[in-house]
Peer 1: 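Here you go, one structure.
Note that these values count all heavy atoms, side chains included, but never hydrogens, waters or copies made by symmetry. Counting starts at 1 for both ligands and their atoms, in listed order.
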Amino acid sequence: MEQHEVDVLIVGAGPAGAACGLSLRNHANKEVLIIDNSDLQHTRVGEHVTASIFEFMDYLNVADINQQSEFISENYGTTSYWGSQSANEHNSLFTAAGETYQLQRLEFDTTLLYNFVEAGGHVLLDCADIKFEQQVDNHWVVQLTHSVRGVIQIKTQFLVDASGRNAPVSKSLGLKRFKKDDLIGVGCFLDVSSLSLTHDQLIETTEFGWWYSANLPNQTAVVTFFTDMDLVKKHQLNKHENWNAALAKTFHMSKRVAGSQSLSDKLWLRNASSQLSDNVTVDNFVAIGDAAASFDPISSMGLGFAMSSGCFAAKAIHAAIEQESNQPLAVYHNDIERNFEQYSQTHKQVYQQETRWGDACFWQRRLS
Ligand SMILES: Cc1cc2nc3c(=O)[nH]c(=O)nc-3n(C[C@H](O)[C@H](O)[C@H](O)COP(=O)(O)OP(=O)(O)OC[C@H]3O[C@@H](n4cnc5c(N)ncnc54)[C@H](O)[C@@H]3O)c2cc1C
């Protein structure tokens with residue numbers, strides 16, 4: 001059996017894991033391994049970010065992600081029908097922030113990971129059957145089966161959960177998640193080459209939730225319906241014909257995408273619920289990105305938080321190693337909790353702006 005030892009093992013090669021790994025390499029010179037259970041070829045969703053993302057690129061010495069990168073385009077405005085049948089033009093419903101951008105996620109995520117490897121980090125994909133055991137000295141022994149290399153055992157001082165919204169690592173350690181709602185995104189990518197779309201993003205509410213569409217590079221667009229899981233089941237919105245029928249009932253979204261072609265027969269479904277991990281400090285362990293706290297996509301906060309929590313957790317880990325104390329991790333957890341409280345208040349205010357569907361359960365659930 002292969003055996004290795006690192007300072008920090010990160011589970012999840014998404015933006016949070018890559019940011020944390022890069023930060024630990026560049027600012028603390030730690031030996032870091034990122035493992036992932038996928039080959040990174042899965043469909044990625046979530047692409048609208050504020051300019052703050054570029055400040056993290058500077059901090060992480062990532063020169064090839066900037067406003068000029070070909071996989072990033074400036075968003076020239078969002079038109080929303082949220083709370084009114086009149087169009088509202090803005091950059092974001094959630095913040096008063098200035099410019100916003102659209103990313104191509106595969107390129108963004110893999111460029112971050114490439115920078116991590118260039119900085120001396122290690123990545124192991126296609127890992128299965130990952131098991132974690134904490135030893136009496138608080139170090140971790142992680143055992144996994146790699147698709148080619150077989151069983152591998154890794155000893156690490158720190159374990160980081162960057163495994164996304166379902167937080168399988170935190171769950172396997174018995175940590176609870178506070179879940180505010182059951183929001184789910186049901187969507188598809190469209191070929192819009194035959195259309196001339198007039199605005200970059202469109203948001204439109206309906207009785208059962210809200211629709212979102214954004215132009216992406218390569219003459220494609222994404223269209224997603226955000227609703228609750230029980231409503232998806234009740235109206236079978238995971239079936240293309242029912243989803244199309246719901247889309248046809250919208251005033252603006254249906255017009256925007258009329259004549260486009262879906263790029264796949266199947267719709268994708270993604271957990272989009274707001275969640276917060278238990279504020280419990282497990283020695284030598286930390287969760288980052290969606291695994292620590294996840295946000296309603298109306299906020300466009302997910303990727304920015306993946307970056308910030310990855311960088312701040314790296315600082316906390318470095319301090320914890322230097323001070324031989326888990327106190328910096330407790331400070332990190334409290335910051336996350338404070339962030340989430342602020343987010344929850346803004347979230348409620350945004351949903352309160354839509355009063356037209358007061359009797360509908362989707363909206364009632366978010367106002368109570
Ligand atoms: C429909 C939708 C739309 C969104 N829109 C936006 C948006 O416009 N703007 C925005 O900022 N955010 C948006 N988000 C949120 C954004 O996508 C996430 O916040 C972001 O991807 C979080 O990054 P992460 O690295 O924490 O997790 P992820 O990107 O989910 O990465 C997690 C990684 O962990 C791996 N993994 C999972 N389980 C395991 C396991 N058991 N073992 C090993 N590896 C594992 C996965 O393969 C993946 O590579 C949206 C989310 C959804 C669902």
Peer 1: Does Asp290 come within less than 4.0 Å of Arg165, counting only side-chain N to carboxylate O?
Peer 2: yes
Peer 1: Below 3.5 Å, N or O to N or O, backbone or side chain included: is there any such pair between Val45 and ligand 1?
Peer 2: yes
Peer 1: What residue and heavy atom of the protein are closest to atom 15 (C) of ligand 1, and at what distance?
Peer 2: Arg165 NH2, 3.7 Å
Peer 1: So for ligand 1, is His48 a polar contact partner (N or O within less than 3.5 Å, distance only)?
Peer 2: yes
Peer 1: Should Arg44 be listed as contacting ligand 1, given a heavy-atom distance under 4.0 Å as the test?
Peer 2: no
Peer 1: Just jot down the ligand 1 atoms closer than 4.0 angstrom to any heavy atom of Gly14, in number order.
Peer 2: 25 (O), 31 (O), 33 (C), 49 (O)
Peer 1: Quick one: do the Asp161 and Ser170 side chains pair a donor with an acceptor below 3.5 Å?
Peer 2: yes
Peer 1: To the nearest 0.5 Å, what is the distance between CG (Leu40) and CG (Leu125)?
Peer 2: 4.5 Å
Peer 1: Which bit of Asn271 is near ligand 1, meaning a heavy atom under 4.0 Å away: side chain, backbone, both or neither?
Peer 2: backbone
Peer 1: Would you check whether Arg105 has a nitrogen or oxygen atom less than 3.5 angstrom from a nitrogen or oxygen atom of ligand 1?
Peer 2: yes
Peer 1: With heavy atoms only and a cut-off of under 4.0 Å, state how Val11 meets ligand 1: side chain, backbone, both or neither.
Peer 2: side chain
Peer 1: Mind checking whether Asn37 has an N or O less than 3.5 Å away from an N or O of ligand 1?
Peer 2: yes
Peer 1: Hey, are Asp335 and Arg338 close enough for a salt bridge, meaning a charged N less than 4.0 Å from a carboxylate O?
Peer 2: yes
Peer 1: Any idea which protein heavy atom is nearest atom 19 (O) of ligand 1, and the distance to it?
Peer 2: Asp290 OD1, 2.8 Å
Peer 1: Taking atom types as modelled, find out whether Ser274 and Tyr343 have a side-chain donor-acceptor pair closer than 3.5 angstrom.
Peer 2: yes
Peer 1: Does NZ or CZ of Arg365 lie under 6.0 Å from the centre of the six-membered ring of Phe362, at an angle within 45° of the ring axis?
Peer 2: no
Peer 1: For a quick check under 3.5 Å, do Ser273 and Gln275 share a side-chain donor-acceptor pair by atom type?
Peer 2: yes
Peer 1: Give the numbers and elements of all ligand 1 atoms closer than 4.0 Å to a heavy atom of Ile130.
Peer 2: 42 (N), 43 (C)
Peer 1: Does Pro168 approach ligand 1 within less than 4.0 angstrom via side chain, backbone, both or neither, non-hydrogen atoms only?
Peer 2: side chain
Peer 1: Does the distance from a Lys or Arg side-chain N to an Asp or Glu carboxylate O, for Asp129 and Lys131, drop under 4.0 Å?
Peer 2: yes
Peer 1: Quick one: which ligand 1 atoms are inside 4.0 Å of a heavy atom on Arg270?
Peer 2: 53 (C)
Peer 1: Ignoring hydrogens and geometry beyond distance, is a side-chain donor-acceptor pair present between Ser213 and Arg256 at under 3.5 Å?
Peer 2: yes
Peer 1: Can you tell which part of Ala162 has a heavy atom less than 4.0 Å from ligand 1: side chain, backbone, both or neither?
Peer 2: backbone
Peer 1: Give the residue, atom name and distance (to 0.1 Å) of the protein heavy atom nearest atom 4 (C) of ligand 1.
Peer 2: Gly46 CA, 3.4 Å
Peer 1: State the atoms of ligand 1, each with its element, that fall below the 4.0 Å cut-off from a heavy-atom position in His42.
Peer 2: 47 (O), 49 (O)
Peer 1: Is Ala16 close to ligand 1, meaning an N/O of one under 3.5 Å from an N/O of the other?
Peer 2: yes
Peer 1: Mind checking whether Phe226 has a heavy atom under 4.0 Å from ligand 1?
Peer 2: yes
Peer 1: May I ask you to list the atoms of ligand 1 that are less than 4.0 angstrom from any heavy atom of Ser38?
Peer 2: 47 (O)
Peer 1: Between Arg366 and Asp228, does any side-chain N to carboxylate O distance fall below 4.0 Å?
Peer 2: yes
Peer 1: Under 3.5 Å between some N or O of ligand 1 and some N or O of Asp36?
Peer 2: yes
Peer 1: Side chains of Glu354 and Thr205 only: does a donor on one sit below 3.5 Å from an acceptor on the other?
Peer 2: yes
Peer 1: For Ala291, is the nearest heavy atom under 4.0 Å from an atom of ligand 1?
Peer 2: no
Peer 1: Taking atom CH2 of Trp268 and atom SG of Cys188, what is their separation to the nearest 0.5 Å?
Peer 2: 8.0 Å
